[in-house]
S.K.: 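The structure that follows is given in the form of C-alpha cells.
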Protein chains: 4
Amino acid sequence: MSGCFTVGLVGASGYAGQELCALLAGHPSLELTRCWSARGEGLGNLVAEGAPPIEAWDGGQGVDAVLLATPHGVSAPLAAEALEHGAKVLDLSADLRLADRALWEQTYGHAHPAPELLPEAVYGLTEFAREAVAGARLVANPGCYPTSVLLAARPLVEARLLEAGAPVLSDSKSGVSGAGRGGSDTTHYGNVAENLRAYGVGTHRHAPEIQSHLGGPEVVFVPHLLPCFRGILSTLYLTPAAGVDAAAVREALAARYANEPFVTVLPQGQQPELRQVQHTNRCVLGVEAVGPRVVVTSAIDNLLKGAAGQALQNLNLMLGLDETAGLEQRPGLA
Amino acid sequence: MSGCFTVGLVGASGYAGQELCALLAGHPSLELTRCWSARGEGLGNLVAEGAPPIEAWDGGQGVDAVLLATPHGVSAPLAAEALEHGAKVLDLSADLRLADRALWEQTYGHAHPAPELLPEAVYGLTEFAREAVAGARLVANPGCYPTSVLLAARPLVEARLLEAGAPVLSDSKSGVSGAGRGGSDTTHYGNVAENLRAYGVGTHRHAPEIQSHLGGPEVVFVPHLLPCFRGILSTLYLTPAAGVDAAAVREALAARYANEPFVTVLPQGQQPELRQVQHTNRCVLGVEAVGPRVVVTSAIDNLLKGAAGQALQNLNLMLGLDETAGLEQRPGLA
Amino acid sequence: MSGCFTVGLVGASGYAGQELCALLAGHPSLELTRCWSARGEGLGNLVAEGAPPIEAWDGGQGVDAVLLATPHGVSAPLAAEALEHGAKVLDLSADLRLADRALWEQTYGHAHPAPELLPEAVYGLTEFAREAVAGARLVANPGCYPTSVLLAARPLVEARLLEAGAPVLSDSKSGVSGAGRGGSDTTHYGNVAENLRAYGVGTHRHAPEIQSHLGGPEVVFVPHLLPCFRGILSTLYLTPAAGVDAAAVREALAARYANEPFVTVLPQGQQPELRQVQHTNRCVLGVEAVGPRVVVTSAIDNLLKGAAGQALQNLNLMLGLDETAGLEQRPGLA
Amino acid sequence: MSGCFTVGLVGASGYAGQELCALLAGHPSLELTRCWSARGEGLGNLVAEGAPPIEAWDGGQGVDAVLLATPHGVSAPLAAEALEHGAKVLDLSADLRLADRALWEQTYGHAHPAPELLPEAVYGLTEFAREAVAGARLVANPGCYPTSVLLAARPLVEARLLEAGAPVLSDSKSGVSGAGRGGSDTTHYGNVAENLRAYGVGTHRHAPEIQSHLGGPEVVFVPHLLPCFRGILSTLYLTPAAGVDAAAVREALAARYANEPFVTVLPQGQQPELRQVQHTNRCVLGVEAVGPRVVVTSAIDNLLKGAAGQALQNLNLMLGLDETAGLEQRPGLA
C-alpha cells in the first residue's frame, strides 16, 4: 500500500487491543504488521482475522508506530525501547498520563518504571492537544473516565464560566468492559446484570488524572459499575460563575466544539444516551439547568473514544494523516 | 382469621399493585378481600392467584383499609370517599405528598382534585413519621426516589451535620419498573438494555417532593434510567459542616437507624448494591469521604421500600400491627 | 455520483428500515433519495441523518429501485404500483414469499392484496436464487427465521443427505428486535430480560414459508423469544440418510458454501454464537453428531442477513452491482 | 426448637449452597448447625447471615442430615463418611446419579470414588421416587437439565404414549448460574449478555443421566447458554404413538401431576416462561401440537427445583416432614 504506515501492537488480546485490531483492519493508511506479547503469553496465536501472529517483544522494531495496550507498569519500559528503535509510540496505559512523578507513584503505589519519559509524553486528549500530539514522538492516551469528564468540563474551566472555589462533581457510570476481559467476581454475569454499585469511592486512580488535566477546581469523582457492556455516562454537577446560566454553558461548549469531528453538543431538552455513542468515537454532551446549578452529561464509548478510538485519532495526527481516518461511525442501531 | 383486618385495593394490575397482592398473600393479619377498578378496566378479572375479582369502585365499602395504587389525579377523590366510609386510607400516588397546594398544582400542572385532604394527610416516610402514621386515617406513601434520597440525607440535615448553604446533590438511578407496566418507547427492551440516560433533568416531579421533606438545603436531583428492572441507587454529594468528616456522618446515620428494622448503614469501605435490596423492604446506606466532601449512597427496591413495601409498613402501623409483619426479607440470590 | 442508482424506501422508521438507511448511507453505489410513508405517518420527518424527509407515497416514482419495509398486506399493492413506474422492487414483507395463493390466504387470514404478482416474485434466499434474483424485477426477501433454517437445511435436502420421511426440526430463538419497534407487553423490558418462552407453537407464520422453500421433509418449527436484542440461533435436529454421518453433513455444507461471501461452516467442535454474527450479514453454521442424529446450528443477525442485509445483497444483484457492496462486516466486539 | 432436625452443609459458598442456606433459614423444622469445607477453603467464614462458620470437614458428625453441594468426585467419599456417622445424606453432585458404574466412569472420565454406594443411592426425582426417598439413607439429587426433561417426558414414556423407536429430543436452555459462581470466560458478562450458543453438543454429561432415568427411547439432548441468570426452559420434540394427540398428552401429564404440589400443566394455548418459575420450586409444563408432533415445554428454576429446592423437598421426605415445608413460593415479580 503506498502512503501507508506500519503499526505494531502490544496487548492485542484485551478489549482495547481487540478494538484496535478491528479499527486498523479498516484503516485506509495504516497496516498492522506486528503483534507482540510483552510477557510471552499467546506466542504464535492470531489475535484477529488477518492480523499477524503474536511474537515475543523485540523492542518494537520494524514499524513506524507502536501501540501499547498493556497494563500500567508494563507500558513505560516498552515505550522507552520502541522510541530508541525510532518508532512513534502511543501508550494506552496510565504510565505517562501524570506529569508529576510523585503523584504517579502515590497513585499507583510503586516506583515509576521510566520516569525519564514523563517530560516528553503528551497527554493526548485530542481536542485539547492537537498540535502537541501532531508533533509528538510519545503520546499518553487518556483514561476512559477522564476523557468523558474532561471533554465536558475543561472548556468551562478554561473559559472561567464556573464559580471560583466550587467543586466539579462527576457521577460517572461505566459498562463492565472497563473492568477488562478477565473472568472474575467483578465481571461475572451474576454480579453485573440487574445490579449497580459505586466503587473506588474516594480512591479511584482516575481522580488524580482528572484533577491534573482539568486545572484548578476541586474534582469529586465517583465511578459506578453499570449492568451493560460498553459506554460511559458522566453526569457533572457544576456551579456557574455569577451571570452565567445553562444556556451560556451550552453555547460555550457548542462554540468550543463547533469544528470538532467527534464531539456533539445537544440542544436544550435533549440528553445523550449510551446507544448514541456505542461503537463510535463520538462524545455527546447535554446541558441543563437544575435550579441555579448546571448539569452537563457526557456520553462516550469507553472502548473507543475512551481507549482505542482516541488512540487511533492521536496516531493519525502523529503520522500526519487525516485525524478521522478509519474512525468513521459504524452504521446500525446498537 | 381472628385479629385480622380486611383490605381493599385499587390499581392491582400495575407493578406496585402486583407487589401489594403478593405481600398481602403472605401477610399474617391482613386479608385482601376487595379489588376495585377506578375506571372500569378489567372488571371480573383476577389480578393474582387467590385475589378477589375486580369490581367497580363503590367508594371503598366493607374493608378496614383501602390501598390506592392509582395515578396522581385519580387517587385523592377515591381517598375522600373511602374515608367517608370509615376506612383507613393509604395512597401510593403523589396526590397527597405535598402539603403546599400551590406547589402541587405547579408541579402537576392542574388543579388539585381534593385539596381539603392535604392538611390531614401524613407523609409516610416511616422512619421519620412513625407516630403520626400510627395515629393517621390518611397516609401519603412517599415516592420511590424521595424515599431513597431522604433516608440518606434527612438525618444529616436534622443533626445539622451539613454546611449551611451547601446543596444536597443526588444523582439517582432507577430500574425501568419505575416507568410502570405499560409498553412504550421508554420501556421497550431495545431502548433500555445496554443503555443509560438521564431524564427529567431540572423538571422531575420528585424534586419538589424531596425539597419539601428534606428541610432547608437546596436539592439538586437528577434521575437516570438504568438497564435493569428493579432498584434505585442514589449517590449523594454532600458538604459537611466544619469539623464533620465522613466517619462522623457514618456514625450519625448508624446511630439514627440503629433500631430501625429496614435500614442498614455499612461500615467504611463497603458500598450498597442493588442486589442487596431487591425483593426486600430494606434501605442500605454507604458513606465515604471524597476529599473534603462526603458521598452517601443509598439503595432500595423501588417497588418495595419505594412503593408497596413501605405502604404495607405504614398500613401495619395504622392498624396497630407489628410494623414488620409480612415484610420479612425474601431468601435467595436475586 | 456516477455509476450510482437511486433508491426509495417505504417504512424507514421500523428496525429493518433503520438498518436499511444505515447500510445505504455507507453504500458506494446506491443513494437513498426518497423516503415514503404508506399511510401518512411521519410526513416531513427525517428518518436518519442525511436521509431525505418522509413524503406521501406517490407510486414509487423517480427511483431505480424501491425497498418495501412495510407490513404484510400493505406491501404488495405498493409493489404493483412501483413496478408500473418502472422501478425494481424488493419487498421485505411476507406478501410475496409464498407462491401458493391459497396457502398465503390461509396463513395470513385474509385475501391476498395483489395475487397477480405471485408468479413473478422471486424468493430471494440469495445463496439459492442468485441468478433468478439478478434477472428479477420483483424480489420477496425471506423471513428472518426461514433464512436461518433454510441456509442450514436446504443443501442437505437437495443433496439427499437426510433420511426420507424424517422431519426437519428447528428449535429457533430470536432476539426481541424481531417483534418490531413498537412498545407493547411483548417488548417491555420487564417481560423480556431474564426471561424466555416459546411462542406461536404450531401456529407461527414462518412455518409454511420454511416448509414451502425447504422442499419435501416435514418441518417442525418452534420459535422462542430470547432476552437479547438482535440475532437468531436455530438448532436443527436432523436424521441423516443411511451411511451419512455428521462429518459428511459438515463437509457437504462446507462445499456448498465454499464460495459464498456470507456463509461460514465451522469445523468440528465449534459452535456459532450470536455475537459472531451481530451487526453483520453473515450466517455461521455448526455441525455435530448427537448419537445417530446430526445437529446443525445456524446463527444470523435477524435484522441484517434476516432482513436489511439480505435485502441489500439482493438489490445489489438486481442492479448488476457487486453482491457484497455496502455489506462489509462491521469492526468491533458488538 | 422441638421437632427440629439439625442439618450440616458442605459447599455453602456456591450458588446451590447459598440457596440452601437461604431456604434453611426460613424452614420451620430444619436448622443449619454446621457448615464444612471439604478442602479447607474459607475456614472460619460465615457463608450467610445467621449461618454457622465454616469448619474443616469432620466426617459429618453431630447432625441429623448432611447436604453435599460439592463437585462430582468430591461428594461420594464424604457421603460414605457421613453415613457411617449415622447421618442421612443428600448429595447434589453427579456422583451417585448413575447406577451403572461403568457408564459413570466413562461419562466422568475417571474411576468412581465410592462405587460401593451406588446400589443404595436413590435417584431423587421426587415425583417419581417419593416412597424410595422417604425410606432412604442416601439420595442423589437429580441434575438441573435432567429434572427439566424428565418431568416433561417420563410420564409419557411410562404411559406408552410415545411412538416406539422415536427419539425424545430436548432442546434445553439454561441461565448462566448453571455454570457456577466462578469468574471465567464462560461467565463473563461480555460473553453472556446479548449472546446465545449451544455447548456440549453430543458430549454433555447430563445426556447419560437423562437417558438412564427416562427409560427406553433414544434421548437427543442439546443444552444452550442463555443471556440470563437463572432458569431452564427445555423444549421437547416428541412423536406420539398412533392415536395419541397433543390433547391426550396434555391430559396425561395433567392427570399424572394433579396432586403434585410443585408441577403445573398449562391449558392449551399457554406456554411456560422462566419468570413464572424463578425463585420457586415449581415446574411448569406446556403442551402443543405442531403438525403430527407434540411439543412439550418445561420450565424450572435451575437453582431450586433443579438443585437446592428439590434437595430440600427430598430431605423433608427423608426426615418424615411435610414435603413442601420451607418451599412455599416466594412472592413478587421476578
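Below, chains carry the letters A, B, ... as their sequence lines are ordered, and counting in each starts from 1.
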S.K.: As an exercise: rank D:Ala246, D:Pro292, D:Ala299, D:Gly269 by heavy-atom pairs under 4.5 Å with chain C and give me the winner.
M.R.: D:Pro292
S.K.: Non-hydrogen atoms of chain C under 4.5 Å away: do they reach the side chain of D:Leu196, the backbone, both or neither?
M.R.: both
S.K.: Measure across C:Cys228 and D:Pro227 and return the closest heavy-atom pair with its distance rounded to 0.1 Å.
M.R.: CB-CG, 4.3 Å
S.K.: Which one of C:Leu274, C:Val222, C:Leu169, C:Val219 has the most heavy-atom pairs closer than 4.5 Å to chain D?
M.R.: C:Leu274
S.K.: Go through the atoms of D:Val295 and report whether side chain, backbone, both or neither lie under 4.5 Å from a heavy atom of chain C.
M.R.: side chain
S.K.: No hydrogens needed, just list the donor-acceptor pairs between chain D and chain C under 3.5 Å.
M.R.:
unit_1	atom_1	unit_2	atom_2	d
D:Asp171	OD1	C:Lys173	NZ	3.1
D:Asp171	OD2	C:Lys173	NZ	3.1
D:Asp171	OD2	C:Tyr237	OH	2.7
D:Lys173	NZ	C:Asp171	OD1	3.0
D:Lys173	NZ	C:Asp171	OD2	3.1
D:Lys173	NZ	C:His224	NE2	3.2
D:Gly190	O	C:Arg275	NH1	2.7
D:Asn191	OD1	C:Arg275	NH1	2.6
D:Glu194	O	C:Gln278	NE2	2.8
D:Glu194	OE1	C:Phe229	N	2.8
D:Asn195	OD1	C:Leu274	N	3.1
D:Asn195	OD1	C:Arg275	N	3.1
D:Asn195	ND2	C:Glu273	OE1	2.7
D:Leu196	O	C:Leu274	N	3.1
D:Glu218	OE1	C:Arg293	NE	3.2
D:Glu218	OE1	C:Arg293	NH2	2.6
D:Glu218	OE2	C:Arg293	NE	3.0
D:His224	NE2	C:Lys173	NZ	3.2
D:His224	NE2	C:Thr235	OG1	2.8
D:Phe229	N	C:Glu194	OE1	2.8
D:Thr235	OG1	C:His224	NE2	2.8
D:Tyr237	OH	C:Asp171	OD2	2.7
D:Glu273	OE1	C:Asn195	ND2	2.7
D:Leu274	N	C:Asn195	OD1	3.1
D:Leu274	N	C:Leu196	O	3.1
D:Arg275	N	C:Asn195	OD1	3.1
D:Arg275	NH1	C:Gly190	O	2.7
D:Arg275	NH1	C:Asn191	OD1	2.7
D:Gln278	NE2	C:Glu194	O	2.8
D:Arg293	NE	C:Glu218	OE1	3.3
D:Arg293	NE	C:Glu218	OE2	3.0
D:Arg293	NH2	C:Glu218	OE1	2.6

S.K.: Between D:Ala198 and chain C, which part of the residue has a heavy atom less than 4.5 Å away: side chain, backbone, both or neither?
M.R.: both
